[in-house]
Amino acid sequence: MKYTTILLVLFFVQFAVGEMQKPHFLMPVPQQFELDENQYRLSDTFAITVKGDCHPRLFRAATRTLRRLAGRTGLFFPQDFITAETAPDQAAMTIRVNRPGQVVLYENESYRLVVNAEQIVLEAETDIGALRGLETFLQLLEADKNGYYIRGAEIKDSPRFPWRGLLIDACRHFMPVDVIKRNLDGMAAVKLNVLHWHLTEDQGFRVESKTWPKLHELGSDGFYYTQAQIKDVVQYAADRGIRVVPEFDMPGHATSWLTAYPELASAPGPYTVERKWGIMDPTMDPTREFTYEFLDAFLKEMSGLFPDEYIHIGGDENNGKQWDANEDIQQFKKSNNISDNHALQSYFNNRILKILTRYGKKMVGWDEILHPDMPTTIVIQSWRGRKSLIESARKGYQVMLSNGYYIDLIQPTDFHYLNDPIPEDTPLSPDEQKFILGGEATMWAEFVIPETVDSRIWPRTAAIAERFWSPGSVKDVDDMYRRLDEVSFRLEELGLLHIKNKQMMLRRLTNNTDVTALEILVDVIEPVKIYTRGAQRAYTQQSPLTRVVDVAVADAEKAREFRGLVDAYFSEPAQSKLDKMKETLDVWNANHDKLLTTIGISPVLKEIESLSADLSACAQIGLEAIALVENGTRADEDWIKEKLETLEKAKAPRGQTELMIVSAVEKLVKRAGKM
Ligand code: ACM
């Protein structure tokens, strides 16, 4: 082939591929899919029919799908509630299932979805698979000037892992039922299937116990779920194909239990509900029969309340201080040849396991429950590192990963996204890998309240959901961020407040005046990460979580965009990129004077005044560096040194937040020194 022919062919190949790869917004990406040029055009006559032997949840899900579609398109669909009786024989969309699904681990969640110009067919073994397919269907909605259409597709999909969870801590701060429900809807939208409901903690006992009523009466400040509410949430979750695994943390993290029943404790009471964060001493006494009688009755009650086969017993962070200080416990260890506290905790766990087994339940616990004395019927949740994941799988324990999915730690989405339960370089053999059930994102609630919790869970958890569902080979970070934006906005229709509450919080912070300048700052800062927030300031359960740090989110998009722009310039310099940087830097440079006016009437903002000044100073430095680059003038050493020192200081957190654009400006300054 002649060179020009090759070029021509390349051009057309690229064109054709480009057409085929018109961006889609599927998240999680399906196992196998092909999108084509077909379009099913939506009109007012669109209807759904459900065929086959299914659980009634599918009729409710199909109806919700129809309402969401109507909500997005403004089309007046004729169907009201879809039922077996009212479903038409023929409809634009046919859902066909073989059997009723069960909301249990390993249920078949696969589906096939075919969309062409004439019809839409969704087929699944179970109605739960059909639910997953309905969410994919909604992600195929697009529009053009002629109206709305479902994009032509042939999709064959099933999850990579059977356990795809989100932990919500309802203890550190109580999360009312509506918070749980809207997050269940968000979970369903991204195909997560386990709500791990953290219900007991040092700081609160959040479930009504009729057997031991002082637990919720004295351990909750009145903030607990009634049993009717629990049943309602379990039903709501099951309707979305989501299991609810309750966690009753024991023997540590137990102050609220001991507040109600000090006779359970390893040291004399009285106890009061803990108000601070951290690892506390109060621990149940594993040597007294009363403890097991108490827990037997409690777990019997909870086994009836929660239908899932699994109950999580926590087991984390028992510091052993009360055990070490208790003569009777030391004596018990000696007489029973129990070598250390870990073995003593395993003795306790084995006693609990017997109880759970009697009530038809399996035990899940944090990685501290891994011990040679424990049988391999228990499930381990790996949180302190990957070591326990590897060790559990090698020893034949089923295990899931939470290390790397701690969304309370404010790490960026790509960090979580690239954290794979079974990475390519896993040391585990294929047989060992079979023990890995999946993973869970964890929303610990020290620093969230109902109005902010969604903004910590979403949208990052959608990317984690993709990690658990999609093939491991799906890991293009840029493409993930592109789709994440769309998914995030779509989650709003489910009532999630992660986007909406930002303006509300900004208005409160500015005393209902112009929020523009504050928003410009908030968009380029992030809360401090890992465990530094609690270390930088003394917080209690009652501390306000309505400050600037609480409006700021992980992975600040505007800052990420700017860093991306600077990197893009360095890999391929272009004046247009410099111009874009200057435009942004000009806005930041001018922002501090504007924000000062707001700070003047809103003392709550005083704590970020110097941070705001630093943003403008960084922007000024960036502009100077770009001017040098544009002029081809090499910056002198003193200038570089001075600017880098200023930038270093700008990295210091203020109000437990930090500027996320400093590293990009540093790159510009260093570049100016290399001209
Ligand atoms: C944990 O984060 N303590 C399980």
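Numbering of ligands and ligand atoms starts at 1, following listing order. The figures here come from the full heavy-atom set of this structure, side chains too, leaving out hydrogens, waters and symmetry mates.
- Here Arg351 pairs with Glu289 in a salt bridge; the nearest charged N to carboxylate O distance falls below 4.0 Å.
- Atom numbering of ligand 1 starts at 1 in the shown order; those under 4.0 Å from a heavy atom of Trp444 are 1 (C), 2 (O), 4 (C).
- At least one donor-acceptor pair closer than 3.5 Å links the side chain of His216 to the backbone N or O of Pro213.
- In terms of protein heavy-atom proximity, atom 2 (O) of ligand 1 is closest to Tyr406 OH, 2.6 Å.
- At the top of the distance list for atom 3 (N) of ligand 1, counting protein heavy atoms only, stands Asp316 OD2, 2.6 Å.
- Considering backbone and side-chain N/O atoms, Trp383 never comes within less than 3.5 Å of an N/O atom of ligand 1.
- Checking only distances, Trp366 never comes within under 3.5 Å of ligand 1, N or O to N or O.
- Taking 4.0 Å as the cut-off between side-chain N and carboxylate O, Arg243 and Glu107 do not count as a salt-bridged pair.
- Checked against the 6.0 Å centroid threshold, Trp277 and His173 count as a close aromatic pair.
- Between Tyr347 and Phe332, the ring centre distance stays below 6.0 Å.
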